[in-house]
Amino acid sequence: MTTKTIAASGSSTDIATIAFAAVLGLGLIFAAGFSQAGAMHDVAHDSRHATGFPCH
Amino acid sequence: MIRQIGASALFAGLAAGVLAALLQFWFVVPLLMEAELYESGARAHFTDGYIGSDAGAPPLGDALARHAGTLAMNVVAWIGFGLVMAAGFALAHRQGVRIDARRGLVWGLAGFAALALAPAFGLPPELPGTIAAEVSVRQAWWGFCVIATAAGLALMAFGRGPAWLVAGAALLAAPHVIGAPHLDRYFGTAAPELAALFSTRALGVSAAAWALLGVMGGWIWSREAA
């Protein structure tokens, strides 16, 4: 029983970690590629064009 | 797990971002800055019935702050790509799939297909000055295309049996069957040679950086696991 509980909690921690990494990654991609906020757009302009993100 | 994901995404993302930026400075940014001469009207491809214009880009050294921004945002974007890829490594690892440098290369090439090649089939990397459909509509199609392609490739790679292959292929095709948003007129003022070279080089640089992200991400993942 104890073993099962530990295994199950380890597994849900893994899922939480994976979800956190994916959400953080998507957030960075959004900031670098999608955000239309003025300063963000300007500093990311060339990398967006060169990476193939729709820019403006 | 968190250490594996973090190390793989951070170091591989940093390396891929720096490689992407360096290759862009060499092959892509000069074309981009040349296109801005047409965008601003400083240079024209059609003048007084004559078709043709001088080739040549302004020197990179004139705008160092701008290029520092390009380097920084490449690193941000590629660490983002690395985090999503490492999250995929972790999910695959839970299913008993081994990840190493060679497998990582395949993941990187799949990332290139999903985040660069497939969206470029509908919306080619844009030369500055390109007049196109509303940006939010293009972003929505781009996001849809990336998700559909990644999901389709995952079904084909990890599904068992022909039905999954068919479903995966249908997902790959869906964004292009629906079609990317385009205008019903052309507005280009820059030389077409410049636009073609820009699109293909942007894709080539992405391919190189994705390959590095995959190889290095997979290699670090396997070392951290050991």
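Keep in mind that the numbers below use all heavy atoms, side chains included, and drop hydrogens, waters and symmetry copies. Residue numbering restarts at 1 for every chain, and letters A, B, ... go by the order of the sequence lines. Note that this is a predicted model, so its numbers are computed, not measured.
Looking at B/A90, the atoms closer than 4.5 Å to chain A (heavy atoms on both sides) sit in the backbone and in the side chain alike. Both the backbone and the side chain of A/F53 come within less than 4.5 Å of a heavy atom of chain B. When heavy atoms are compared at a cutoff of 4.5 Å, B/L32 approaches chain A solely by way of its side chain, counted from C-beta outward. For a residue to count as touching a neighbouring chain, one of its non-hydrogen atoms must lie under 4.5 Å from one of that chain's; by this rule B/A116 does not touch chain A. Within the 4.5 angstrom heavy-atom criterion, only backbone atoms of B/L127 (N, CA, C, O) approach chain A. The part of B/E36 that comes within reach of chain A is its side chain, from C-beta onward, which places non-hydrogen atoms under 4.5 angstrom from that chain.
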Evaluation steps, side chain to side chain contact (heavy atoms under 4.5 Å, CB included), between B/E126 and A/H56: CA-CA 10 Å; B/E126 290 161 5; A/H56 44 67; 5.8 Å; no

Residue pair A/H45, B/R66: steps toward the side chain to side chain contact (heavy atoms under 4.5 Å, CB included) verdict: CA-CA 9 Å; A/H45 175 271; B/R66 171 179 178 169; 4.2 Å; yes

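Among the candidates B/L123, B/L31, B/L83, the residue making the largest number of heavy-atom pairs closer than 4.5 Å to chain A is B/L83. Annotation: maximal heavy-atom pairing with chain A below 4.5 Å, among B/T70, B/V205, B/I79, occurs at B/T70. With respect to chain A, the highest number of heavy-atom pairs below 4.5 Å among B/G143, B/P128, B/A86, B/A202 belongs to B/P128. Ranked by heavy-atom pairs under 4.5 Å with chain A, the first of B/A87, B/A72, B/A20 is B/A87. Among B/P124, B/G80, B/S136, the residue with the largest count of heavy-atom pairs under 4.5 Å with chain A is B/G80.
Looking only at distances, no side-chain donor or acceptor of B/Q24 sits under 3.5 Å from a matching main-chain atom of A/S47.
Looking at A/T17, A/D14, A/I18 one by one, the single match for side chain to side chain contact (heavy atoms under 4.5 Å, CB included) with B/I2 turns out to be A/T17.
The environment of CZ in B/F187 is crowded: more than 12 heavy-atom neighbours from other residues, nucleotides or ligands sit within 6.0 Å. No more than 12 heavy atoms of other residues, nucleotides or ligands lie within 6.0 Å of CH2 in B/W219, so this atom counts as exposed by the packing criterion. Surrounding CZ of B/F11 are at most 12 heavy atoms belonging to other residues, nucleotides or ligands under 6.0 Å away. Within a 6.0 Å sphere centred on CZ of A/F20, heavy atoms belonging to other residues, nucleotides or ligands number 12 at most.
Side-chain contact between B/V28 and A/D46 is absent, with no heavy-atom pair separated by less than 4.5 Å.
Using a 30° and 60° split on the angle between ring planes, B/F198 and A/H49 fall in the perpendicular class, above 60°.
When all heavy atoms are compared, the tightest approach of B/W142 to A/P54 is CD1-CD, 3.5 Å. Here the shortest heavy-atom pairing between B/V76 and A/A32 reads CG1-CB, 4.1 Å.
With rounding to the nearest 0.5 Å, the separation of CH2 in B/W78 from CG in A/L28 is 14.0 Å.
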